[in-house]
Visitor: 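I have a structure I would like to understand better, so I am pasting it below and will then ask my questions one at a time.
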Amino acid sequence: MATKVETSVEDKLRALYDLQLIDSRVDEIRNVRGELPLEVEDLEDDVLGLKTRMDKLKTDLETINYEIGAKKNLIEEAKVLIKKYADQQKNVRNSREFNSLAKEVEFQELEIQLAEKNIKEFKVQIEQKKEVISETKEKLAERESHLKHKKSELDAILAETDKEEKALLAKSEKFEKQIEDRLVQAYKRIRNNVKNGLAVVPIERGASGGSFFTIPPQVQVEIASRKKIITDEHSGRILVDPVLAEEEQQKMHKMFAKI
């Protein structure tokens with residue numbers, strides 16, 4: 001690992017604040033995207049789920065139609081058997097044979113009745129399935145339209161900010177290498193623990209930036225001297241004086257404009 005050049009406390013404070021400004025700009029870009037990536041992902045899951053449901057409903061319809069066909073075939077076969085048994089009854093030699101054939105005819109008639117009942121039930125199921133399919137189609141069309149809109153919105157934001165974000169992340173990495181490892185780790189730890197990711201803040205109206213707790217005048221003088229790194233006792237943030245902050249903001253603003 002390359003050895004970092006020894007720098008003054010003021011230079012360290014400037015480097016830390018510059019790093020904060022870069023990372024805050026990355027945060028702003030990501031906030032612009034907001035929940036869009038998650039919304040798109042959720043919509044994609046919804047669309048996939050609805051398509052899967054549509055496929056299942058269509059498969060169910062095919063199965064029901066197959067069952068109706070099978071029942072119709074059974075009816076036709078039963079009618080053929082009834083005719084066959086009726087013809088055989090004309091040539092029976094005794095009542096026992098006649099009654100046996102009569103029972104066969106009765107059985108086939110019951111089979112026909114049951115098959116016709118099944119067909120009616122299947123047709124009711126078909127109507128119910130078709131209604132669900134129609135509702136699912138409408139919902140799917142609505143979700144697909146919404147997804148298309150959200151994807152377009154996300155793509156536009158990505159096209160606008162992706163290049164800048166990548167450039168800023170590269171700058172952030174570069175600036176980190178100019179700062180002592182212990183300070184970078186402290187910066188990251190504070191950044192992860194405080195609101196809005198602000199780990200290095202200027203004093204604003206006598207208080208730590210983003211805080212309502214007043215900084216004692218003596219501490220403000222020490223911060224302005226830039227002789228040591230001072231943190232806010234309430235939030236843990238690293239503090240810099242307003243003048244240094246303004247100078248670095250102007251410098252970084254020019255850098256952002258070139259990206």
Side-chain angles (χ1 to χ4, degrees), residues 22-81 108-173 176 188-189 191-199 256 259:
I22 293 169
D23 288 343
S24 291
R25 177 57 188 152
V26 172
D27 291 343
E28 287 175 18
I29 290 171
R30 289 174 176 172
N31 286 336
V32 168
R33 290 202 293 268
E35 299 296 319
L36 263 179
L38 290 177
E39 285 183 47
V40 168
E41 187 177 331
D42 287 343
L43 283 168
E44 286 174 338
D45 289 343
D46 284 349
V47 166
L48 181 60
L50 288 168
K51 285 182 176 179
T52 301
R53 189 182 186 191
M54 283 288 291
D55 290 340
K56 185 180 183 305
L57 287 166
K58 288 177 180 177
T59 300
D60 289 347
L61 271 183
E62 290 174 1
T63 301
I64 294 170
N65 281 317
Y66 174 81
E67 291 294 338
I68 288 175
K71 293 300 179 184
K72 285 181 176 179
N73 288 336
L74 186 150
I75 290 171
E76 292 305 315
E77 290 170 3
K79 286 178 178 179
V80 170
L81 288 172
Q108 294 305 323
E109 287 174 344
L110 289 173
E111 287 281 22
I112 290 173
Q113 290 176 19
L114 180 59
E116 287 175 340
K117 181 184 177 184
N118 290 151
I119 288 172
K120 286 180 181 178
E121 291 171 349
F122 286 143
K123 285 182 176 179
V124 170
Q125 289 180 31
I126 285 175
E127 290 307 310
Q128 291 173 340
K129 295 284 183 186
K130 284 182 177 179
E131 189 175 336
V132 175
I133 285 173
S134 178
E135 292 172 357
T136 305
K137 271 185 179 178
E138 288 181 15
K139 192 176 288 187
L140 177 59
E142 182 268 329
R143 287 287 192 279
E144 285 180 329
S145 176
H146 195 193
L147 174 59
K148 183 179 179 182
H149 171 72
K150 287 295 181 181
K151 267 189 172 180
S152 176
E153 191 177 338
L154 179 59
D155 288 344
I157 292 173
L158 287 174
E160 183 180 336
T161 61
D162 189 55
K163 181 181 176 183
E164 182 182 2
E165 182 181 358
K166 286 179 179 176
L168 287 168
L169 289 172
K171 289 283 185 184
S172 177
E173 188 176 340
E176 280 186 15
K188 288 183 176 180
R189 184 179 65 254
R191 183 166 150 75
N192 288 332
N193 291 333
V194 296
K195 187 179 179 180
N196 298 329
L198 295 176
F256 294 158
I259 294 176

Visitor: Return the minimal non-hydrogen interatomic distance between Ile119 and Ile75, and the atom names on each side.
Guide: CD1-CD1, 3.8 Å

Visitor: Could you go through Glu160 and Val32, starting from their C-alpha distance and side-chain angles, then the distance that decides it, and tell me whether this counts as side chain to side chain contact (heavy atoms under 4.5 Å, CB included)?
Guide: CA-CA 11 Å; Glu160 183 180 336; Val32 168; over 6 Å; no

Visitor: Decide side chain to side chain contact (heavy atoms under 4.5 Å, CB included) for Ile133 and Leu61; before the verdict, give the C-alpha distance in whole Å, the side-chain angles of both, and the deciding distance to 0.1 Å.
Guide: CA-CA 10 Å; Ile133 285 173; Leu61 271 183; 3.4 Å; yes

Visitor: So Leu140 and Val47, do their side chains get closer than 4.5 Å, heavy atoms only?
Guide: yes

Visitor: Has Ser152 got a side-chain atom pairing as donor or acceptor with Lys148's backbone, closer than 3.5 angstrom?
Guide: no

Visitor: Quick one: does Ser145's side chain have a donor or acceptor within less than 3.5 Å of a partner on Ala141's backbone?
Guide: no

Visitor: Are Asp155 and Lys151 within salt-bridge range, i.e. N to O under 4.0 Å?
Guide: no

Visitor: So if I apply the salt bridge (charged side-chain N to carboxylate O under 4.0 Å, His left out) rule between Glu39 and each of Lys150, Arg33, Arg143, which one comes out positive?
Guide: Lys150

Visitor: When rounded to the nearest 0.5 angstrom, what is the spacing between NE2 in His146 and CG in Asp42?
Guide: 11.0 Å

Visitor: If every non-hydrogen atom of Val40 is compared with every non-hydrogen atom of Leu147, which pair is closest and at what distance?
Guide: O-CD1, 3.7 Å

Visitor: Does Ser134 use its side chain to pair, donor to acceptor, with the backbone of Lys130 at less than 3.5 Å?
Guide: no

Visitor: Could you tell me the separation between the CG atom of Asn65 and the CD1 atom of Ile126, rounded to the nearest 0.5 Å?
Guide: 4.0 Å

Visitor: Working to the nearest 0.5 angstrom, can you tell me the gap between Arg191 CZ and Lys188 NZ?
Guide: 10.0 Å

Visitor: Roughly how far, to the nearest 0.5 Å, is CZ of Phe256 from CD of Glu28?
Guide: 8.0 Å

Visitor: So which atom in Lys123 and which in Ile68 form the shortest heavy-atom distance, rounded to 0.1 Å?
Guide: CG-CD1, 4.2 Å

Visitor: Would you name the heavy atoms of Leu74 and Glu111 that are closest together and state the gap between them?
Guide: CD2-O, 3.9 Å

Visitor: Where the side chain of Asn193 meets the backbone of Arg189, is there a donor-acceptor pair that is under 3.5 Å apart?
Guide: yes

Visitor: Looking only at atom types and distance, does a side-chain atom of Thr161 sit under 3.5 Å from a main-chain N or O of Ile157, one as donor and one as acceptor?
Guide: yes

Visitor: Hey, does Glu165 have a side-chain heavy atom less than 4.5 Å from the side chain of Arg25?
Guide: no

Visitor: Ignoring hydrogens, what is the shortest heavy-atom contact between Gln125 and Ile64? Give both atom names and the distance.
Guide: OE1-CD1, 3.7 Å

Visitor: Give, for atom OG1 of Thr52 and atom CE of Met54, the distance between the pair rounded to the nearest 0.5 Å.
Guide: 11.0 Å

Visitor: Do Glu131 and Glu127 come close enough that some side-chain heavy atom pair is under 4.5 Å?
Guide: no

Visitor: So that I can tick it off, tell me whether Glu142 and Lys139 are bridged by a salt bridge, with the cut-off set at under 4.0 angstrom between side-chain N and carboxylate O.
Guide: no

Visitor: What distance do Ile29 atom CD1 and Leu169 atom CG have between them, rounded to the nearest 0.5 Å?
Guide: 8.0 Å

Visitor: Taking the side chain as every heavy atom from C-beta outward, state whether Leu198 and Ser24 have any pair of such atoms under 4.5 Å apart.
Guide: yes

Visitor: Pick from Leu114, Asn118, Ile112: which one makes a side-chain contact (heavy atoms from CB on, under 4.5 Å) with Glu116?
Guide: Ile112

Visitor: Shortest non-hydrogen contact from Leu168 to Ile22?
Guide: O-CG2, 3.4 Å

Visitor: Should we count CD of Glu173 as having more than 12 external heavy atoms under 6.0 Å?
Guide: no

Visitor: Taking NZ, NE, NH1 and NH2 as the nitrogens, is one of them in Lys51 or Asp55 under 4.0 Å from a carboxylate oxygen of the other?
Guide: no

